[in-house]
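Shown next, in structure tokens, is the structure this report addresses.
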Amino acid sequence: MKAYIDRLERTRDLTDAEFRALLEESAPADRDYLFARARAVRDRTYGRRVFIRGLIEFTNFCKNDCRYCGIRRSNPCAQRYRLDKAQILACCQAGYELGFRTFVLQGGEDPYFTDDRMADIVSAIRASFPDCAITLSIGERSRASYERLFAAGANRYLLRHETADPDHYARLHPPELSLENRLRCLRDLKAIGFQTGAGFMVGSPGQTSGCLVQDFRLLQDLQPQMVGIGPFLPHRDTPFRDEPAGSAERTLLCLAIVRLLLPRALLPATTALGTLADDGRERGMNAGCNVVMPNLSPKDTRKKYLLYDNKRSDGDEAAEGLAALRARMAAAGYEVVVDRGDYPME
Ligand code: 5AD
């Protein structure tokens, strides 16, 4: 297995069977070696610096009906909310004072936020916080829409592909959504000049090792600047309520493999990983991550942005818990920095 890991680091590639063996047959000692190589590769570009992103969950209205997601349109239990421009700017201001230099505006696919409204919000943030990166995570839109948001001042865009296997995609999503359009969006975003994030859940219902190998292949092909990877966690008001959660171990394995595939990628230790395991953030760093995304949303809305059961938004998942996060990261040998944390140039 060690030979596979060394070759993965050197060539950023393995055969399908070798990737599967790494996922299915690696012993604890192999994993430790993989994690050590992932840390070394990360350290070469970033050292032990950890970038923070202030996550502003500004709407939980969604026109989509993804089977895994707690804010899917057909969940009548979700208490819907939207933040207005003034509230969003107030979140950014609070975040700036705490040391955040990236704001991530994430929301369901909410038709209220037309291109006019989104461009207006992005321009206002851009004018007030010229030294900050603006990341959008608002789903599938037209190329023209993405171009407009980029022109308004957005720099980055997160759009997880969720799974690169078309049949698996169809199992997770309603028929009106397709992997093809998701990939069209990702390619448009990259071509426009956004630092682009793809990604997937680990352990979503029906996912096989073969699906994950396809995810790795997609990442090799797309070369995104960011990759969001977290465990699937069931939500009680979704069709997947009785499905088992993904495992932390397998999530960490995927993170470390992706670090070797994309050495300079920005890789968050996700909230889902922090929800599944108390020490998820630290274990993420140990597997090659270099980003955390604490919650900057107003306190009363956090509990409503429930993508899965028990989603954490307290303690060091919260922006006000930054001191605690810094301390935890320092104890693990990492330094949380005040920095935009852009993808490095050549
Ligand atoms: N478990 C884990 N992650 C989820 N997401 C949505 N629902 C769940 C869930 N039940 C993830 C998706 C989405 C991101 C914003 O949250 O991957 O892209």
Side-chain angles (χ1 to χ4, degrees), residues 53 55-75 77-78 104-110 135-141 156-165 168-169 171-174 177 179 181-183 185-186 189 196-207 211-212 215 218-219 224 226-248 250-252 254-255 258 267-277 280 284 291-295 297 302 304-313 317:
R53 321 297 197 192
L55 185 62
I56 303 169
E57 297 161 335
F58 70 99
T59 173
N60 71 351
F61 284 87
C62 192
K63 68 176 186 301
N64 291 333
D65 217 20
C66 305
R67 294 195 176 95
Y68 46 84
C69 185
I71 63 168
R72 67 203 300 265
R73 70 160 182 261
S74 64
N75 177 9
C77 304
V104 181
L105 268 58
Q106 183 171 96
E109 290 195 17
D110 179 355
T135 305
L136 298 176
S137 177
I138 53 175
E140 298 183 3
R141 297 172 89 99
R156 308 186 189 138
Y157 205 103
L158 305 178
L159 182 67
R160 289 188 181 176
H161 64 277
E162 314 296 359
T163 174
D165 177 305
H168 188 221
Y169 198 93
R171 164 133 193 230
L172 301 181
H173 297 100
L177 292 181
L179 179 59
N181 193 49
R182 191 52 71 118
L183 297 180
C185 291
L186 284 164
L189 288 162
T196 301
F200 54 91
M201 290 175 286
V202 176
S204 57
Q207 183 183 62
C211 295
L212 289 170
D215 290 318
L218 187 150
L219 297 176
M226 307 174 282
V227 188
I229 299 173
F232 161 76
L233 300 171
H235 185 292
R236 71 178 84 85
D237 302 314
T238 65
F240 290 159
R241 62 180 65 84
D242 296 323
E243 298 288 340
S247 88
R250 204 164 161 82
T251 303
L252 294 164
C254 289
L255 285 165
V258 169
L267 273 187
T270 52
T271 302
L273 184 58
T275 298
L276 184 64
V291 174
V292 285
M293 300 171 66
N295 199 308
S297 313
R302 285 182 198 167
K304 299 181 185 163
Y305 200 83
L306 269 197
L307 304 181
Y308 40 81
D309 289 338
N310 309 314
K311 177 166 164 275
R312 282 191 56 201
S313 57
E317 294 290 341

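Sequential numbering from 1 along the given sequence is applied to the chain's residues. The analysis underlying the following values was restricted to heavy atoms, covering all of them including side chains, and did not include hydrogens, waters or symmetry mates. Order of appearance sets the numbers: ligands from 1, and atoms from 1 within every ligand.
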Just by distance, with hydrogens left out, do Asp165 and Thr163 show a side-chain donor and acceptor under 3.5 Å apart?
-> no

Examine ligand 1 and decide if any of its atoms is less than 4.0 Å from a heavy atom belonging to Pro231.
-> yes

Please determine if Tyr68 has a nitrogen or oxygen closer than 3.5 Å to a nitrogen or oxygen of ligand 1.
-> yes

Only one of Cys62, Pro239, Pro174 passes side chain to side chain contact (heavy atoms under 4.5 Å, CB included) with Arg72; say which it is.
-> Pro239

Of Met201, His235, Glu162, which has the heavy atom at the shortest distance from atom 13 (C) of ligand 1?
-> Glu162

Mark up the atoms of ligand 1 that fall under 4.0 Å of a heavy atom belonging to Cys69, in ascending order.
-> 7 (N)

Any side-chain heavy-atom pair from Glu140 and Asn64 closer than 4.5 angstrom?
-> no

N/O of Leu233 under 3.5 Å from N/O of ligand 1, yes or no?
-> yes

Thr238 vs Tyr68 side-chain heavy atoms within contact, under 4.5 Å | no

Interatomic distance, Met201 atom CE to Cys69 atom SG [nearest 0.5 angstrom] | 8.5 Å

Which one of Ser204, Ser247, Pro244 satisfies the side chain to side chain contact (heavy atoms under 4.5 Å, CB included) criterion with Phe232?
-> Ser204

Is there a nitrogen or oxygen of Arg160 sitting under 3.5 Å from a nitrogen or oxygen of ligand 1?
-> yes

For atom 16 (O) of ligand 1, what's the nearest protein heavy atom and its distance?
-> Leu307 CD1, 3.4 Å

